[in-house]
Amino acid sequence: MRKKDKGLKKGNKWPYLFCLPFLAAYFMFNLFPMLYSFQLSFFDWNGVGVKKFVGIQNYITLFTKDPLFLKSLGNTIVLMVFSTPITVFLGMMVAYLLFDIGRGKRFYQTVNFFPYITTPVAIGFIFSYLFDWQSGYINKLLVGLGVISEPVYWLQSVAASKAIVVIMVVWRYLGYYMTIYLAAMTSMPAEVYEAAAVDGATRFKMFTKITVPMLKNTTMFLIVTSIIGGLQMFEEPKLLFSGWASIGNGQTGGPGNTVLTTVWKFYNDAFNMDSKLGYGSAIAYSLFVFIILFSIIGFKITKGRGGEDE
């Protein structure tokens, strides 16, 4: 028995050996860069010169002397707050409509999912053409219908630019949310709906009293992940407004920096000609803290509204 136990103990090393390649790659490409960038946030460094330790001065400057950071954070929160509920609501509605559809179900699901797998650059070109001042299809349609008398410069308007980014985000991620909701609806027991139909419940009541409560966990997951993704927003405004010059330092962020997001601000500070990697790291970790806080708030709100888990 002792020899057998000894052999078993020797065999226990193999699982750890098989995990070593993953652990080495994770440490090299994930854990080490995270720890190094956190250390870097306490230094003033442009990437090539000598590092200068400044302590928490980067964070102090960020919140007290950099109005663009606070503006970018406010822009990011506004875009996230508007895009998240719209995408979640429309994703649920589209999934519910397609769930019981007969012919063409797969076709409509595929068409709605296409924007999610489309490259961001292509999406940027699509919306640039749609809202272009001279040749945009939105202006042509509105002028043709008599809604407006002359073309509107949508990408120059402060209010319209935020709305366009929200529309862009909703259009891009609607198919993903629809797919997640469809998967959740497929796993619902049909007996519950049959019993409700026997009791005379209408489709609206079955949706509000059965479907929505049973989708609570799915909705919670989508809201939290949408908050995380919304606070990391970068591609959508960058592709639409990268040509705009911002005030003062040559950065870009739409008219009056109205769509400058926090990640875009980080990109401008960390990787422009006058690179400030330490300051950029401070922006990244400040955003990380805000993501944790908003994720906890979103989780608490959705859990509180949903009640206790079944």
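Not measured: the values here are computed from a predicted model.
- Distance check: Phe241 CZ to Ser128 OG gives 8.5 Å after rounding to the nearest 0.5 Å.
- Among residues two or more places apart in sequence or in another chain, the salt bridge (charged side-chain N to carboxylate O under 4.0 Å, His left out) test is passed with Asp132 by none.
- Side-chain N or O atoms of Ser281 include none that pairs as donor or acceptor with a backbone N or O of Leu40 at under 3.5 Å.
- Interatomic distance, CZ of Phe288 versus CG of Leu231, reported as 12.5 Å (0.5 Å rounding).
- The shortest non-hydrogen separation linking Gln109 to Met178 is O-CE, 3.5 Å.
- For the pair Leu17 and Leu20, the minimum side-chain heavy-atom distance is below 4.5 Å.
- A side-chain donor-acceptor contact under 3.5 Å links Ser161 to the backbone of Val158.
- With contacts defined as side-chain heavy-atom distances shorter than 4.5 Å, the pair Asn257/Leu68 qualifies.
- Taking the six-membered ring for Trp, Phe234 and Tyr267 have ring centres closer than 6.0 Å.
- The two residues Lys71 and Thr258 come nearest to each other via the heavy atoms CE-N, 4.4 Å.
- A donor-acceptor contact shorter than 3.5 Å is absent between the side chain of Lys276 and the backbone of Asp44.
- Note: the hydrophobic cluster containing Ile164 also contains Val147 (ILVMFWY, side chain heavy atoms under 4.5 Å, direct or indirect links).
- With 3.5 Å as the limit, one finds a donor-acceptor pair spanning the side chains of Thr219 and Tyr181.
- Residues Thr208 and Phe204 are in side-chain contact: their nearest non-hydrogen atoms beyond the backbone lie under 4.5 Å apart.
- Side-chain heavy-atom separations under 4.5 angstrom define the hydrophobic clusters, and the remaining members of the one that includes Met28 are Phe29.
- Here the side chains of Leu130 and Trp154 are not in contact, with every heavy-atom distance at 4.5 Å or above.
- Although no hydrogens or angles enter the test, the distance criterion places no donor-acceptor pair under 3.5 Å between the side chain of Trp14 and the main chain of Phe18.
- Aromatic ring centres of Phe266 and Phe271 lie closer together than 6.0 Å.
- Using a 4.5 Å cut-off between side-chain heavy atoms of Ile, Leu, Val, Met, Phe, Trp and Tyr, with links allowed through other members, Phe89 and Leu222 fall into the same hydrophobic cluster.
- Here the closest heavy-atom approach between residue Ile210 and residue Ala196 is recorded as CD1-CB, 3.6 Å.
- Remark: Ser226 engages Thr84, Tyr177 in a side-chain hydrogen bond (donor to acceptor under 3.5 Å, both in side chains) (not counting sequence neighbours).
- Cluster annotation: Ile228 and Tyr285 are assigned to distinct hydrophobic clusters (Ile/Leu/Val/Met/Phe/Trp/Tyr, side-chain heavy-atom contacts under 4.5 Å, transitive).
- Although no hydrogens or angles enter the test, the distance criterion places a donor-acceptor pair under 3.5 Å between the side chain of Ser37 and the main chain of Met34.
- Linking Ile, Leu, Val, Met, Phe, Trp and Tyr residues whenever their side-chain heavy atoms come within less than 4.5 Å leaves Tyr193 and Val198 in two separate clusters.
- For Thr218, the side-chain hydrogen bond (donor to acceptor under 3.5 Å, both in side chains) criterion is met by no residue, not counting sequence neighbours.
- For the residue pair Thr110 and Arg106, the shortest heavy atom distance occurs at OG1-O, 2.8 Å.
- Interatomic distance, CE of Met168 versus CE of Met233, reported as 10.0 Å (0.5 Å rounding).
- Within the 4.5 Å cutoff, no side-chain heavy atoms of Val165 are placed close to those of Thr261.
- Counting only heavy atoms from C-beta outward, the side chains of Ser157 and Pro255 never approach each other to under 4.5 Å.
- A 4.5 Å side-chain heavy-atom check between Leu174 and Trp171 finds every atom pair outside the cut-off.
- Residues Thr211 and Met188 meet the side-chain proximity criterion, which asks for heavy atoms closer than 4.5 Å.
- Atom-to-atom distance recorded for Ile86:CD1 and Ile167:CD1 is 8.5 Å, nearest 0.5 angstrom.
- Ring pair Tyr173/Tyr176: centre-to-centre distance not below 6.0 Å.
- In this structure, the side chain of Asp269 does not engage the main chain of Leu277 through any donor-acceptor pair within 3.5 Å.
- In summary, the side chains of Ser135 and Tyr129 do not present any donor paired with an acceptor at a separation below 3.5 Å, with no hydrogens or angles considered.
- Looking at residues two or more places apart in sequence or on another chain, you find a side chain to side chain contact (heavy atoms under 4.5 Å, CB included) between Ile60 and Ile56, Gln57, Thr64.
- Between Phe290 and Phe294, the two ring planes are tilted [angle within 30° to 60°].
- Here the side chain of Asn46 pairs a donor or acceptor atom with the backbone of Gly49 at under 3.5 angstrom.
- Around atom OH of Tyr108, no more than 12 heavy atoms belonging to other residues, nucleotides or ligands sit under 6.0 Å away.
- The minimum heavy-atom distance between Ala184 and Leu215, with the atom names listed, is CB-CD2, 3.5 Å.
- Under the 30°/60° scheme for interplanar angles, the aromatic rings of Phe32 and Phe27 are found to be tilted.
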* Start with the C-alpha distance between Tyr96 and Phe207, add both sets of side-chain angles, then the distance that settles ring pair (Phe, Tyr, Trp, His ring centres under 6.0 Å), and finish with yes or no. => CA-CA 9 Å; Tyr96 184 72; Phe207 175 73; 4.6 Å; yes
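- A distance-only check finds a donor-acceptor pair linking the side chain of Asn75 to the backbone of Leu260 [under 3.5 Å].
- Residues Phe42 and Phe53 come closest through the heavy atom pair O-CD1, 3.4 Å.
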Exercise for the section: Show your working on side-chain contact (heavy atoms from CB on, under 4.5 Å) between Val121 and Glu235 and close with a plain yes or no. Expected result: CA-CA 8 Å; Val121 175; Glu235 295 171 336; over 6 Å; no
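- We find the CZ-CZ distance between Arg172 and Phe127 to be 11.0 Å, quoted to the nearest 0.5 Å.
- Listed by chain and number, the residues in a side chain to side chain contact (heavy atoms under 4.5 Å, CB included) with Thr262 are Phe69, Ser72, Leu73, Thr76, Ile283, Leu287 (sequence neighbours excluded).
- When atom types are taken as modelled, the side chain of Asn58 and the backbone of Phe43 share a donor-acceptor pair closer than 3.5 angstrom.
- Cluster membership check: Ile292 does not share its hydrophobic cluster with Met80, using side-chain heavy-atom separations under 4.5 Å among Ile, Leu, Val, Met, Phe, Trp and Tyr.
- For the pair Asp66 (side chain) and Thr61 (backbone), a donor-acceptor distance under 3.5 Å is absent.
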